[in-house]
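Data block below; observations after.
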Amino acid sequence: MPADAPSVPDLRIRSVNGAPERPDGEFVVHWMTAFRRLGWNFSLDRAVDWAVRLGKPLVILEALRLDYPWASDRFHDFVLGGMADNLERAGSHPVLYYPYVERAPGAGRGLLEALASRAVVVVTDDYPGFFHPNMIAAAGRRMDTRLEAVDSNGLLPLRATERVFARAVDFRRYLQKALPPHLHELPQEDSLARTDVPAAGPGLLAEVRRRWPAADRHELTDRSLLLASLDIDHSVGVAPMQGGAAQAERRWRDFLEEDLSGYAEGRNDPDSDASSRLSPYLHFGHLSSHQVFADLARRELWTPMDIAPVARGQRSGWWGMSQEAEAFLDQIVTWRELGYNMSAHGDRSSRFESLPDWARRTIDEHRSDPRPFVYTLEEFETARTHDEIWNAAQRQLVREGRIHNYLRMLWGKKIFEWSETPEEALHTMFVLNDKYALDGRDPNSDSGIFWCLGRYDRAWGPERPVFGKIRFMSSENTRRKLRLKGYLEAFGPA
DNA sequence: ATCGGCTCGCGCAA
DNA sequence: TGCGCGAAGCCGAT
């Protein structure tokens, strides 16, 4: 790659199929699958680099299939909202933004290959979770054009280390040593700002676009008819939270300007729902943690010189920012990227066997303890347990696609306690979280769900039935700690 | 309201 | 070898 182009760090670029680029191809393809935004995006920067270097137009394909696991009105709507934003923003640039929505099962088959067969190179997003690694590998086998996957997941490149970490403090200590050089590596705020990309003419790909028509602005903006026409799960309704980079930006600004000031204390006060509510935007790639970091640093008047000389994995004081900024960075950098690291490098990272030894041991010792209650997946899903707090949390998940951050822990702990086996509990948690949570199907879902069974945690006494030495939580105590009246009314039985 | 004990593993100082 | 401490807890004693 050219020395004069804005550099995407080599560590973040991976050749999927080992094929060479084709300099006589007609255009560069950016296949947008995970980082669904037009700025703060190393993956798109890389595609722009190619286009500039070889003097070829840029085609951005953002596709949405019908048959991905858990496809529903809820997730489709979120992604389509993002496409509407990207279409709007790309309109002022000389690129071909091509939003493709599959209308009938299998209709989209062949589209990527049709583009790839004429492309110089295809650049896509290297996301370590859900079906993405398999999809990327399969796409690489189906094309003889060079396919590159680029890591724009977080501040630390996924390939910076092969190690996996058993506890947040270990990863934090590692980050405090390894992260500083990477903090200078930022993607472009506006990947399409460079004017030296050759224009994509209006006739480009006309015949491809006749066979696989792009979604138009109107149906992406006003989505109910489109959603209703698709063969997806309509029982999981559109969530109150709107998807897309524009909404993500708005929520981030609001959080930064209004909610962050109470963040350090707010999180320790279980009464307030002090979460940033950015996780759906981060999950769908509508928001970048690089932007979050850059904006935060600017607000804090921070420079790398402020970093403390001691690096012992301490939770606060290392960055040299305000308490609330450091508390937030611990979430969005340490904890978020801990999960990504595990997803990218952890053997069997989503399996029971990946739990720490002490946790597996104690869970096994209590495997045959009688459960105080046992519910089926269907009873859990329809919020028919004996516990009104648990039922309310489940109803919030079904209706809004999220759960209050404290209750989310209780929700998982109780599914563990009220299932026949830990494996069945895991299955229930993953099904419900994957199906309903806007931020589900993410490496951080693994972290959150497995935390309930001891991952990243330590043993706690006294030893109890079912839990053994796994940290225990109870609805009775939750009732004492949280003011739940409003919540229980809002999420009472329908 | 606050405190200690419950319990495990790891890095680091000694 | 021992010490300190860690995502969010619980419970009983004070």
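We use all heavy atoms of the structure for the numbers below, so side chains are in, but hydrogens, waters and symmetry mates are not. Every chain is numbered from 1, with letters handed out A, B, ... down the list of sequences.
Summary of the strand contacts: A:D170 and A:G461 both lie near DNA chain B, and taking for each the nucleotide with the nearest heavy atom, the more 5' one is attributed to A:G461.
A:R37 and A:G285 make their closest contact through NH1-O, 3.1 Å (heavy atoms, listed as atom of the first residue, atom of the second, distance). Residues A:N433 and A:R441 approach most closely at O-NH1, 4.0 Å, considering heavy atoms.
Rounded to whole angstrom, the span from the CE atom of A:M409 across to the C1' atom of C:dC10 amounts to 14 Å. Rounded to whole angstrom, the span from the CG atom of A:L338 across to the C1' atom of C:dG6 amounts to 13 Å. Spacing between atom CZ of A:R479 and atom C1' of C:dC11 amounts to 18 Å, rounded to whole angstrom units. To the nearest angstrom, C1' of C:dA8 lies 7 Å from CE of A:M473. Between A:N444 atom CG and C:dA7 atom P the separation is 15 Å, expressed in whole Å. Rounding to whole angstrom units, CG of residue A:D330 and P of C:dA8 are separated by 11 Å. If you measure from atom CZ of A:R312 to atom P of C:dG6, you get 12 Å, rounded to the nearest angstrom. For A:D457 and C:dG9, the CG to P distance is 10 Å, given to the nearest whole Å.
Phosphate proximity of B:dC8 to A:K469: present, with a side-chain N or O under 4.0 Å from OP1 or OP2. For A:R167, no side-chain nitrogen or oxygen approaches OP1 or OP2 of B:dG9 to under 4.0 Å. The shortest distance between the side-chain N/O atoms of A:N477 and the OP1/OP2 oxygens of C:dC10 is below 4.0 Å. Phosphate contact (OP1/OP2 of C:dA8, side-chain N/O of A:K481, threshold under 4.0 Å): absent. In terms of phosphate contacts, A:R471 brings a side-chain nitrogen or oxygen within less than 4.0 Å of OP1 or OP2 of C:dA8. Phosphate contact (OP1/OP2 of B:dG9, side-chain N/O of A:R361, threshold under 4.0 Å): present.
With C:dC10, C:dA7, B:dC6 as the choices, the nucleotide that has an atom nearest any side-chain atom of A:W460 turns out to be B:dC6. Here the side chain of A:R173 is nearest to one of C:dC10, C:dA7, B:dC12, namely B:dC12. Nearest nucleotide to the side chain of A:W358, out of C:dA7, B:dG9, C:dC10: B:dG9. Distance from the side chain of A:R458 is smallest for B:dT7 among the nucleotides B:dG9, C:dC10, B:dT7. Nearest nucleotide to the side chain of A:A459, out of C:dG6, B:dT7, C:dA7: B:dT7.
Taking the ring centre of A:F131 as origin, the terminal cationic atom of A:R65 falls inside the region bounded by 6.0 Å and 45° from the ring axis. In this structure, A:R367 forms no cation-pi arrangement with A:F467, as its terminal cationic atom is not both closer than 6.0 Å to the ring centre and no more than 45° off the ring axis.
Remark: B:dT7 base-pairs with no nucleotide in the shown strands. Criterion, Watson-Crick or G-U wobble with two distances under 3.5 Å. Under the Watson-Crick or G-U wobble criterion, with both distances below 3.5 Å, C:dA8 has no partner in any strand shown. Using N1 to N3 plus N6-O4 or O6-N4 for Watson-Crick, or N1-O2 and O6-N3 for G-U wobble, each under 3.5 Å, B:dA13 pairs with C:dT1.
Annotation: A:W70 is not in aromatic contact with A:Y436 [ring centroid separation under 6.0 Å not met]. Between A:Y263 and A:F255, the ring center distance clears the sub-6.0 Å criterion.
Contacts of A:R455 with the nucleic acid, taken as non-hydrogen atoms under 4.0 Å apart, are absent. Across all strands shown, A:R172 has heavy atoms under 4.0 Å from sugar-phosphate atoms exclusively, and none from any base.
No more than 12 heavy atoms of other residues, nucleotides or ligands shown are found within 6.0 angstrom of CD on A:E420.
Taking the P atoms as reference points, B:dG4 lies 14 Å from C:dG4, given to the whole Å. Rounded to a whole angstrom, the distance from the P atom of B:dC12 to that of C:dA7 is 15 Å. A gap of 24 Å separates the C1' atoms of B:dG11 and C:dA8, to the nearest Å.
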